[in-house]
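Accompanying notes for the structure given below.
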Amino acid sequence: MTTMSDTTSANGTNPTAKALIERSNRLGADPRNTNYAGGNTSAKGTETDPVTGEDVELLWVKGSGGDLGTLKESGLAVLRLDRMRALVDVYPGVEREDEMVAAFDYCLHGKGGAAPSIDTAMHGLVDAAHVDHLHPDSGIAIATAADGEKLTETIFGDKVVWVPWRRPGFQLGLDIADIKAKNPQAVGCILGGHGITAWGDTSEEAELNSLWIIRTAAAYIEEHSKAEPFGPALDGYAALPEAERRAKAAALAPTIRGIASQDRPMVGHFTDSDVVLDFLAHAEHPRLAELGTSCPDHFLRTKVKPLVLDLPADASVEDSIARLKELAVSYREDYQAYYDRHATADSPAIRGADPLIVLVPGVGMFSFGKDKQTARVAGEFYVNAINVMRGAEGLSTYAPIDESEKFRIEYWALEEAKLQRMPKPKPLATRVALVTGAASGIGKATAQKLAAEGACVVIADLSLEKAQEAAAEIGSTDVAVGVQVDVSSAEAVQAAVDAAVLAFGGVDLVVNNAGLSLSRSLLETTEKDWDLQHDVMAKGSFLVSQATAKVMIEQGMGGDIVYISSKNSIFAGPNNVAYGAAKADQAHQVRLLAAELGEHGIKVNGVNPDGVVQGSGIFASGWGANRAAVYGVEEKDLGKFYAQRTILKREVLPSHIANAVFVLCSDELSHTTGLHIPVDAGVAAAFLR
């Protein structure tokens, strides 16, 4: 009798599965091979059945929703091969093939692992130990060419077989298994309108065959493509100079995000890559964009087609905004008509008629999703689609799958079930927060709290290095970015807001936290002291609120502005005239802006902290030492001193302020504006009246 150790490595991973993971990671690391989360790989091998002690044949296959480049063992579905292949005997036919996905669960070996994907049949039924199904741009270019079948034969001879379009599923697995059996000389196939599948007796052979198909197709396209696949250059549609196009992108971004968020809020991503700009600069881009994408992975992320601004690059921002709004109405009507043409009584409800890709000639591409990663990946997929169109048009004519087939996949019951399994979004999901003075203290804690609750966060600070360090502590640039800002400069504030809208599509939640303090008596306070504190806190908050309110109003999605004021905006204490006056200015800005911005759905509220010593940049810069001297305590004990003078006898920490900001911006206080929340552990002299 064999034991588990005979077939499993010391770390618990079967050698066959380990090799599969390594192959998958190599293939998935190169975008020329497949797009993010696209395609799947598999391997067949043996493992010891812990019940019988006998060897059992297994299929390891990348599970539903995983990514090849980052695949781990937990992302594999593991099935009993005998049971999986026995499903052929109960297959009810193509009209009921969706039922087979549920049957895969009865073939699983052990517990854990990923859910089997719709492509499991392709991997299990093909008589090869190792199978790769990928979505390379070069392969899809051949798959979507009008004469793709002829091109397949010309390029690959009999080593690669053409498979006409068929929706992924059990029948496609049977078809490819039959092709493999009838074409022993073949190493793979081109799936019409879709991608490629390759196989091999060893993991190395399967990988080499996959790469051979991809690279052979790419080389053929390179050598034989016409000079201008997208047609002649269009006058006036060339890329604007970098600074000009990014400024225009920032000016258009709030409008475009509002267009993409009419049905539900979206996070945005902007790219002005050469691929996108070149596509939009040539005559055939309107025709090709209208045809839409073809590979299922593409249009599930990008919708069937993009919204394309039909104005030249030098069109004014005002004219571009007006035209975008007109096109948005047409796009929604067109998408609704597409749904109505193909929906049946049992189709899932329409998921929204807003575009996910918006193309602006001379400027670039805006892509959207439920979070930054989804928005960024949608943009990457449309770049893939552009590459596919270039390849197909260079050799032939781009001919994606029929619209009806796109609908069958977009509104597939299995796809709907996958969406329903997604975890519930966090409270601040889809919201973009800009926090000033966020590299330390209250600002940093607030940024961390907002990100933890699902927001994308822009950390704005006088020090770019510290802002970027604080952002990196939160996570990747899909979650947080750091920008430099001097809030006393209107130009610097606008640059920071532009950076925010280019990073995440717009702004929804602003925290005016930047501040400083110089503790001096009336007679010792200089004009410079007064101006500095008012420039940063009173003027700075005004400039940030003004610039971000403009974005929020144009988006039409409401929003929140929160001022971190102070107990000192209410309480009158010694040696504090400039700081206290500036904070009182901020406190009244809350009331003034709440009254003015309410008609746009923008709430404006404030938080009045006191005695927040821990992590405070203000206290660390000399204010703490001065306050300690005023109160006759050691500086290290200042936090404890402040706690003892409060009603609750509790020290106030940055996280307490962050919690208050979150509550003000959450649904729980959706009907509250113009409010100041004291977070001071109870200072009676600062009670609001």
Side-chain angles (χ1 to χ4, degrees), residues 249-271 300-309 320-336 339 349-360 363-379 382 419 422 424-434 450 453-458 478-479 497-498 500-510 548-561 597 599-603 665-667 670:
L252 296 178
T255 299
I256 294 174
R257 185 174 182 226
I259 286 170
S261 300
Q262 292 185 59
D263 289 312
R264 60 183 61 86
M266 291 284 181
V267 176
H269 174 73
F270 172 73
T271 180
L300 283 172
R301 301 273 190 161
T302 66
K303 268 200 167 76
V304 288
K305 62 182 179 181
L307 186 157
V308 184
L309 178 62
S320 298
I321 286 175
R323 183 58 180 152
L324 282 164
K325 290 180 177 179
E326 292 174 352
L327 290 169
V329 174
S330 299
Y331 187 97
R332 288 179 59 83
E333 291 173 349
D334 186 54
Y335 188 86
Q336 182 68 57
Y339 179 85
I350 190 169
R351 299 193 191 102
D354 299 330
L356 294 178
I357 302 292
V358 178
L359 302 173
V360 181
V363 175
M365 172 173 61
F366 298 82
S367 53
F368 296 90
K370 63 183 178 63
D371 51 38
K372 169 68 174 188
Q373 184 195 53
T374 305
R376 174 177 55 78
V377 170
Y382 201 78
L419 293 173
M422 298 291 288
K424 182 181 178 182
K426 293 182 178 180
L428 298 183
T430 74
R431 305 199 68 188
V432 180
L434 171 67
L450 298 179
E453 298 294 345
C456 299
V457 180
V458 179
D478 284 343
V479 178
V497 173
D498 287 352
V501 300
L502 290 180
F504 298 116
V507 177
D508 309 293
L509 198 167
V510 177
T548 54
K550 182 181 178 182
V551 172
M552 293 185 209
I553 291 169
E554 182 60 27
Q555 288 175 158
M557 300 165 61
D560 282 278
I561 300 176
L597 298 178
E599 65 177 292
H600 303 290
I602 300 169
K603 296 155 49 216
C665 300
S666 68
D667 288 343
S670 62

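Computation of the quantities below employed the complete heavy-atom set of this structure, encompassing side-chain atoms and omitting hydrogens, waters and symmetry-equivalent molecules.
Applying the side-chain hydrogen bond (donor to acceptor under 3.5 Å, both in side chains) rule to T548 yields no partners; only residues at least two apart in sequence or on another chain are considered. Residues satisfying the side-chain hydrogen bond (donor to acceptor under 3.5 Å, both in side chains) criterion with Q262, sequence neighbours excluded, are absent altogether. With sequence neighbours excluded, the residues that form a side-chain hydrogen bond (donor to acceptor under 3.5 Å, both in side chains) with E326 are R323. Residues forming a ring pair (Phe, Tyr, Trp, His ring centres under 6.0 Å) with F504 (at least two apart in sequence, or on another chain): none. Under the side-chain contact (heavy atoms from CB on, under 4.5 Å) criterion, K303 pairs with Y331, Y335, L356, E410, sequence neighbours left out. Judged as a side-chain hydrogen bond (donor to acceptor under 3.5 Å, both in side chains), and not counting sequence neighbours, the contacts of R351 are E416.
The residues D560 and R431 are annotated as salt-bridged, a charged nitrogen and a carboxylate oxygen being separated by less than 4.0 angstrom.
Rounded to the nearest 0.5 Å, atoms NZ (K372) and OG (S367) are 7.5 Å apart. Note that CD1 of I259 is 10.5 Å distant from CZ of F366, once rounded to the nearest 0.5 Å. D508 CG to M557 CE: the interatomic distance, rounded to the nearest 0.5 Å, is 5.0 Å.
Without hydrogens or angle criteria, S261 side chain to R257 main chain gives a donor-acceptor distance under 3.5 Å. Remark: the backbone N or O of L597 is not paired with any side-chain donor or acceptor of K603 at under 3.5 angstrom.
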Decide salt bridge (Lys or Arg N to Asp or Glu O under 4.0 Å) for K426 and D371; before the verdict, give the C-alpha distance in whole Å, the side-chain angles of both, and the deciding distance to 0.1 Å. CA-CA 11 Å; K426 293 182 178 180; D371 51 38; over 6 Å; no

After noting the C-alpha distance and the side-chain angles of D334 and K305, does the key distance pass the salt bridge (Lys or Arg N to Asp or Glu O under 4.0 Å) rule? CA-CA 11 Å; D334 186 54; K305 62 182 179 181; 2.6 Å; yes

For side chain to side chain contact (heavy atoms under 4.5 Å, CB included), just list the numbers for D263 and R332, CA-CA rounded to whole Å, side-chain angles, deciding distance to a tenth of an Å, and then say yes or no. CA-CA 10 Å; D263 289 312; R332 288 179 59 83; 2.8 Å; yes

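Smallest separation of non-hydrogen atoms from V363 and F270: O-CZ, 3.4 Å.
When side chains are defined from C-beta on, L359 does not count as touching L309, because their heavy atoms never get closer than 4.5 Å.
For S670 and D667, the side-chain atoms include no donor-acceptor pair closer than 3.5 Å.
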